[in-house]
Structure formats: C-alpha cells, structure tokens
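Every value quoted in this text rests on a predicted model; they were computed, and no experiment measured them. Every chain is numbered from 1, with letters handed out A, B, ... down the list of sequences.
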Amino acid sequence: MYEQKLVLAGLVADRLGLESEAVWSAIEYPPDPKLGDLALPCFRFAKALRKPPQAIAADAAEALRCSGAFANVEVAGGYVNVTLRRGAVAAEVIGQAQRDVTGLFSRRRHTGRRAAVDYSSPNIAKPFGVGHLRSTMIGQSICRLLAEDGYEVIGINHLGDWGTQFGKNIVAYLKWGDEETVRRDPVKELFRLYVRFHEEAKEHPELEDEARAWFKRLEDGDEEATRLWKWFISESLKAFEQTYRRLGVRFDHYLGESFYNDKMDAVVDELRQRGLLAQSEGAEVVDLSAYNMPPCIIRKSDGATIYATRDLAAALYRHDVLGATDLIYVVGAEQKLHFAQVFKVLELMGRGWARHCHHVAFGMMKYNGERLSTRRGKVVYLEEVLERAVEEARAIIEEKNPGLEDKDRVAEAVGIGAVVFNDLKNNRLHDVDFRWEDVLNFDGETGPYAQYTHARACSVLRRAEAEGLSAAAPPVLADDLLAQSEWLLVHQLAQSNECLERAVDGFDPSVIARHVLDVCHAFNRFYHDAPILGAEGDVRRFRLALTDATRRVLAHGLYLLGLEAPEAM
RNA sequence: GCGCCCGUAGCUCAGUUGGAUAGAGUGCUUGACUACGAAUCAAGAGGUCGGGAGUUCGAAUCUCUCCGGGCGCACCA
C-alpha cells in the first residue's frame, strides 16, 4: 500500500501546492470498503489553502482522475475516496510477498544503528515465573522487530546475580542444603532454601547478620563464598537455558549485575569531576530537583553503590564498548522513575545519546488479583504453565488430527504459542491477571488460531502441488474478477509495512499480533467464500498465489512474535 | 500529599495519532461440514466510550475538573 499512498500524496501535493509528507500522513482507510481503498480527508488543509474542504477535495480528485493512476476517484463531503486498480495492485502485493516477505513488512529504516536490548533478566536462584514471560517475550519480539527494520540488535540478559540475597542463599545452603538435592533441581531447591531462610529469620534475626557477613566475604573475594556463588549461577543458568530453548529465545550476552562491579568507580569519579555529586543525608546523590524528580542515589551512606550506579555503568559499557547507539530496557512499569533518573543523569554527564535510551515498560502480572511475589513464595511456575498448555494442545491434536506426524513437536509449538501469543496480543501497559482459562483457550484471537490458519493455507498448497498446480507468480486479474473477500485479504496483507513501522516506533509487538489476527480473519473469510482448488484458469492461479502469499506473511508475522508456524497441526 | 499509567459491550481488549454509522474475540441465541482442515465462517442480541465542562467544521482520541483502579515517590533491584 506504501507505493499507492506515495503516488496519491505526490499527485495531490503537486496540484494543491502542499508538502507531499503532509498529504501522505493524512491518508487513511475508509470505514467501508465500498467507499474505496484509500481516503483523503481535506479538512485539515482548509485553513492553509483558505478554501472550503469540499472545493479542495474536488480539486484533488480532479488531479487524481487526470493522472489515470487509479480505478475510481470520488468526492464525498470533504473526503476524496480512491479505488485502486485492484487487479494490478493485488498481483504486485502478492508477488512482493512471494519474492521476499521481509520486503513486504519493512523498508529497513534504521540501517547503521545498533540497538542493545536488555530483557528477561531473571534473578539467579529464583524461580522463572509466568511474570518473567512478559519481559522475555516482549523483549524477544522487539529484538526481531528492530532487526527487521534494519537495526543490528544485541540481546542482553542482565541477570540478577549480585546482592545481599546471595549471603542469604549461602547461609541457607550451608545450614539446610546439600549438593545432591541442588543438582537435581537447582532453582527449586535454592528457592526453597531461600524461602526457609526468611521464615527462620523471623525467629532468629541473627541469621540476617550472618547473611550480611557472607555477602561481605563474597565482595572481598573469599574463595568459599565465590565458589558457592559461581555454582549457584551456573546451576540456575542451566535451568533458565532449558526454558529459553523451549521459548526459542536466545541472547548475545549474559552480562549480569556482577559484571559491572569493577566498572562503577569510574562512574562515581566522573560524576564527581563533573560536579554532579552532592552530599545528602549521608549519601552521595545527583540532585534532580530541577527536573522534578527525587535525587538519584549513587552511593549509599555506608559507601556502597546501588542499582542506579550499576545501570549507569551498564549503559556506558553498552554504548562505549558494545557500540550500541540505542539502549532499550524491557523492564516493568514500576521502574519508570528509576530509568527516568538514570537517563537524565546520562544526559547531565554530556551523553547526548541519552535520548536514544528507552524504557519499554509493561504492566504487572497478577494472579487472582494479587501481586506475585517470589519472596512470599507466591509464584506460578512458567514451566508448569507451558506444560499444561502443551498437554492441552496434544489432547486437541489427538481429537482432531490423530494421524498427524510429529505430534510432540507440533503440540509443543502450539501449546507454547498459545501462552506466548496471549501475552503479546494486548497493550503492554495493561496489568494482566493470569487466568488458566485464558492461557488454555485455543479458539478466537489466539496463537493457535493464527497457527491453524497458517497450517490450513499450507494444506491447500500441498494439495495443489500434488495435483501439479503452481502457486507461483499471480496473473493480473481484471478488477471485477476479484471477489470482495479476495481484495480485502490483499488489502490486509498490503498493510504489513505500516504495522511493522508502528510496532517498531512504539516498541509494541501487539501491533503485529493484531495484524496477524486480521490477516487470519481475512484469509478464513476468503477461504469460505471462494473455492481455490475448485476454481479454474487464471482465477485458480491467482487464488493459489494469494494463499501462498498469506502463508508467507503469517509465518513471518508469527516469527516476529516469537511463535513457531507448523505446516500441519 | 505529589508524579506517572489505566478506565470503551456481561468478560478480555482494538480503535490507523482529531475524521465518515465506535469494532473484534469471548460468553449467550442461531445457521453452515458426504465441502480445498469446523482450532473455521456467517447472523442476532449486547454501548451515556467512567461523570461533567471546554477547545472546533468534527472528540473515544486534545485541555481542565471530579470519580474509580494500578504503580512509584532516596540508601532493595
């Protein structure tokens, strides 16, 4: 649709003496396809041109008609409604999808930029709950979206691998744990020990002192403490990586908080040199009152650094060492103020690139309306959610398609697809209340629906191939040979690039999820409305090519969301 | 108290950045498989876009105000 809009904008801009960009951004889609395929409301030009909108619309329509570029141009009130040469446009859109789906989605606007995306970032020795799915899958999808639009992407897992909690882990392990049990199920066992620590500490507060002492030893490089700490990390990572593999998630770097331990002094020194550091209530802070924010604490009153210091060091590392031009943080909305402070301090440190730092916030995951809290042991394990969803998928396959090959692999793809899609389809910022019924629902606006539609298209194409029919390059049909449902599908496919742009600009995978659903709906409607294999000649060739284009767009859209697209299910 | 986010159908949510008659899914009622896959499609009922005021040709969208919910507001991350 991009080409068509360019042509329209250019013609109208020339005639009216406006900027092409201004016309372009005014173009929209009519509410009813009977009105046309593109619409240009002329109200906003009235003031500048000092003419009534109707006259402007008439003038613009005249220019469009003369050009002969469109099938039909009508004026309705202050609107110009344009009907495209549908046969030609359809062939072009389908051809594009078949040659290179990526090209249908993206104009690669950001080549030459490198984005460091910080996502997932679970805490070591704590369970991977459903809540972590948000950062993980939103982050993963954003990585793919940015790469699609030309960015070079670096995915970073900023593991929570440092802090006083490790003193607690060590104490609890030495008192109540054993190597064998930890090895068997590291995360669950370490977490069990951690929860027990908190329970026992209520009765025996001296445990807290012991934990602090052990963390101090860790900071001082004590051999025993370091050994245990490293062991906890490697065991936890094994478990996390298993989950990441199931989800199809991968990182370029695992750079945990501890990685920046030796990089924070430089930050503090620079802040001091620049005169940004102030004493306040015994702590060293950057005063941000001029920006209507509380001070950013750099050093606590006991001299220790804090997470803002660490995030500053991490940002500098990502920019200076990793060469990132854009820093993306996929972290919960509750940390909004923290990131606003960190970005502001970077700016005050003279880092102009601070304006390319983005906190991609998302709402909280709740369960029965309550906040999930690992500390209080309130967790829904992600592995359990995935397992139940996969079981559900397997049961449905047994019922509907017992002869399917590769049942296990497909059940895995569909079950996990349901969970992931459910998390990506809505506005990031909404809090979500986790409900089993939502996750285990495979009908309607769901991942399995999208996967099913894809498999259905594949199925038609398989049959076509078996009959020796080609789905390659579509013929150009006469406009009136195109059924309404066919055109609506083409029109939907053609909007892929604007969806990608909106998704990238807003760091919002849900735009793609919605688009995938819209394509599915349009395809299924077309599928019911028009026989594909039962048609003949050019019409059949066209419909097969359209089916093939749809299949490609769906597979790619699902990829951008991090879902698999099985060819049968 | 201050700041940010959210409020649209019974429920979960879209709404192309101020445009035409506010749309999906789900649930409910109903129709379509001897049919290229029914994990599908179609039809119906269901709305004071939280309330009120303002801005203008035009507001779910922008401004103000009130109500309701969430999150944050210095030594946890």
Side-chain angles (χ1 to χ4, degrees), chain A residues 25-32 35 39 41 43-44 46 52-53 76-79 81 121 123 160 162-165 257 280-285 292-302 304-308 310-311 331-338 340-341 361 363-364 366 371 393 396-397 399-401 414 418 422 425-427 429-433 435 437-438 441-453 455-464 495 498-499 502 506 510-511 514 517-518 520-521 523-525 527-535 543-544 547 568-569:
Chain A
S25 66
I27 299 173
E28 49 192 56
Y29 301 109
D32 184 341
L35 292 169
F43 309 96
R44 70 171 68 172
Y79 291 89
N81 289 323
S121 309
N123 288 323
W162 198 249
T164 45
Q165 67 136 329
E257 294 170 9
S280 175
E281 299 175 27
E284 291 189 276
V285 307
N292 220 350
M293 283 188 269
C296 182
I297 298 180
I298 299 298
R299 235 192 239 287
K300 303 193 284 183
S301 40
D302 67 0
T305 52
I306 192 171
Y307 64 113
R310 199 181 313 277
D311 274 343
V331 180
E334 66 276 10
Q335 297 201 37
K336 191 162 183 176
L337 176 58
H338 167 248
Q341 291 177 309
M364 208 157 330
K366 307 200 173 191
R371 218 171 150 153
I396 294 177
I397 290 170
E399 177 199 331
K400 301 191 187 256
N401 196 0
V414 173
N422 183 251
K425 76 176 173 192
N426 291 329
N427 184 337
L429 290 169
H430 284 127
D431 287 349
V432 293
D433 198 357
R435 281 188 315 222
E437 53 199 285
D438 291 341
N441 175 30
F442 291 10
D443 298 327
E445 296 174 329
T446 64
Y449 169 61
Q451 291 169 316
Y452 171 79
T453 307
R456 183 183 236 186
C458 289
S459 170
V460 174
L461 294 167
R462 269 194 304 275
R463 279 174 184 271
Q495 285 172 47
E498 351 191 327
C499 288
R502 266 190 293 141
S510 76
V511 175
R514 295 273 153 206
L517 290 174
D518 287 341
C520 288
H521 191 227
F523 176 78
N524 284 319
R525 189 187 271 253
Y527 179 91
H528 277 271
D529 181 66
I532 301 169
L533 296 171
R543 288 178 184 169
L544 277 170
T547 302
M569 61 189 269

Student: Could you give the CG-to-P distance, from A/Leu429 to B/G70, as a whole number of Å?
Tutor: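 From A/Leu429 CG to B/G70 P: 17 Å.
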Student: Among B/G37, B/A39, B/C5, which nucleotide sits nearest the side chain of A/Arg463?
Tutor: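 Closest of the options to the side chain of A/Arg463: B/G37.
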Student: Output yes when at least one side-chain N/O atom of A/Arg525 is less than 4.0 Å from OP1 or OP2 of B/A42, else no.
Tutor: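 Answer is yes, contact under 4.0 Å.
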Student: Rounded to the nearest 0.5 Å, what separates atom OH in A/Tyr29 from atom CD in A/Gln495?
Tutor: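 Here the rounded value is 4.0 Å.
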Student: Indicate, with a heavy-atom threshold strictly under 4.0 Å, whether A/Gln451 touches base, sugar-phosphate, or nothing.
Tutor: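 The residue A/Gln451 makes no contact with any strand.
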Student: Check the distance between B/G23's P and A/Glu445's CD and give it to me in whole angstrom.
Tutor: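 So the CD-P distance, A/Glu445 to B/G23, works out to 16 Å.
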Student: So, does A/Arg514 get its side chain near the phosphate of B/G25, meaning an N or O under 4.0 Å from OP1 or OP2?
Tutor: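 Answer no for this pair, as no side-chain N or O of A/Arg514 is under 4.0 Å from OP1 or OP2.
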Student: Base, sugar-phosphate, or nothing: which does A/Ala455 touch, judged by heavy atoms less than 4.0 Å apart?
Tutor: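 Contact class for A/Ala455: base.
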Student: Between the base of B/A39 and the side chain of A/Asn441, is one N or O donor paired with an acceptor at under 3.5 angstrom?
Tutor: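 Side chain to base: no pair below 3.5 Å.
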Student: Using the C1' atom in both, what is the distance from B/C71 to B/C28, to the nearest Å?
Tutor: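 Here B/C71 and B/C28 have their C1' atoms 36 Å from each other.
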Student: Does A/His338 have a side-chain nitrogen or oxygen under 4.0 Å from the phosphate oxygens OP1 or OP2 of B/G3?
Tutor: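 For B/G3, neither OP1 nor OP2 has a side-chain N or O of A/His338 closer than 4.0 Å.
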Student: Could you tell me the separation between the OH atom of A/Tyr449 and the P atom of B/G37, rounded to a whole number of Å?
Tutor: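 Answer to the nearest Å: 16 Å.
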Student: Counting any heavy atom closer than 4.0 Å, what does A/Ile298 reach on the DNA or RNA strands: base, sugar-phosphate only, or nothing?
Tutor: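 Nothing, no nucleic acid heavy atom in range.
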Student: Quick one: label A/Met293 by what it contacts on the DNA or RNA (base, sugar-phosphate, nothing), any heavy atom closer than 4.0 Å.
Tutor: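 If one applies the 4.0 Å heavy-atom cut-off, A/Met293 turns out to touch nothing in the nucleic acid.
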Student: What distance do A/Gln341 atom CD and A/Ile298 atom CD1 have between them, rounded to the nearest 0.5 Å?
Tutor: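 It comes to 9.0 Å.
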Student: In whole angstrom, what separates A/Asp431's CG from B/C6's P?
Tutor: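 That distance rounds to 11 Å.
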Student: Going by 5.5 Å between centroids and 30° between planes, is there a stack of A/Tyr79 over B/G19?
Tutor: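 No; centroid distance or tilt outside limits.
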Student: Which listed nucleotide (B/A74, B/U16, B/C36) is nearest to the side chain of A/Tyr527?
Tutor: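 The answer is B/C36.
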Student: Whether A/His521 contacts B/A42 is assessed here as follows: a side-chain N or O lying under 4.0 Å from the phosphate OP1 or OP2. Is that the case?
Tutor: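 So the side chain of A/His521 is within the cut-off, an N or O lying under 4.0 Å from OP1 or OP2 of B/A42.
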Student: Can you measure A/Arg371 atom CZ to B/G69 atom C1' for me and round it to whole angstrom units?
Tutor: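 Roughly 14 Å, once rounded to whole Å.
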Student: Based on Watson-Crick and G-U pairs with both distances under 3.5 Å, what dot-bracket line describes RNA chain B 5' to 3', crossing pairs as [ ] and inter-strand pairs as |?
Tutor: (((((((..((((.....[...)))).(((((.......))))).....(((((..]....))))))))))))....
Student: When only distance counts, do a donor and an acceptor, one from the side chain of A/Ser510 and one from the base of B/A14, lie under 3.5 Å apart?
Tutor: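 No, the side chain and the base share no sub-3.5 Å donor-acceptor pair.
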Student: Just one of A/Val432, A/Asn441, A/Thr446, A/Asp438 clears the side-chain contact (heavy atoms from CB on, under 4.5 Å) bar with A/Asn422, so which one?
Tutor: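 Result: among A/Val432, A/Asn441, A/Thr446, A/Asp438, A/Asp438 is the only option passing the side-chain contact (heavy atoms from CB on, under 4.5 Å) with A/Asn422.
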Student: Roughly how many Å is it from CG in A/Asp311 to P in B/C76, rounded to a whole number?
Tutor: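 Distance, rounded to whole Å: 16 Å.
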Student: Would you kindly give the CD-to-P distance between A/Gln335 and B/C76, to the nearest whole Å?
Tutor: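 Computing the A/Gln335:CD to B/C76:P distance gives 15 Å.
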Student: Looking at A/Tyr307 and B/A77, is any side-chain donor or acceptor paired with a base atom of the opposite kind under 3.5 Å?
Tutor: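 Donor-acceptor pair under 3.5 Å: yes.
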Student: Nearest 0.5 Å please: distance from the CD atom of A/Glu281 over to the CD1 atom of A/Ile297.
Tutor: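 It comes to 8.5 Å.
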Student: What nucleic acid atoms does A/Asn427 come within less than 4.0 Å of, heavy atoms only: base, sugar-phosphate, or nothing?
Tutor: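 Sugar-phosphate, backbone atoms only, no base.
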Student: Can you tell me whether the base of B/U55 sits syn or anti, using the 90° cut around 0 to define syn?
Tutor: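 B/U55: anti.
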Student: B/C4 P sits how many Å from A/Lys336 NZ, rounded?
Tutor: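 Distance check: A/Lys336 NZ to B/C4 P gives 9 Å.
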Student: Identify whether any heavy atom of A/Ile306 sits under 4.0 Å from a base atom; if not, whether one sits that close to sugar-phosphate; answer base, sugar-phosphate or nothing.
Tutor: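 Sugar-phosphate contact only.
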Student: I'd like the C1' distance from B/G23 over to B/G54, given in whole Å.
Tutor: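 Pairwise C1' distance, B/G54 against B/G23, rounds to 28 Å.
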Student: Mind checking the P distance from B/U26 to B/A43? Whole angstroms is fine.
Tutor: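 One P to the other, the span is 14 Å.
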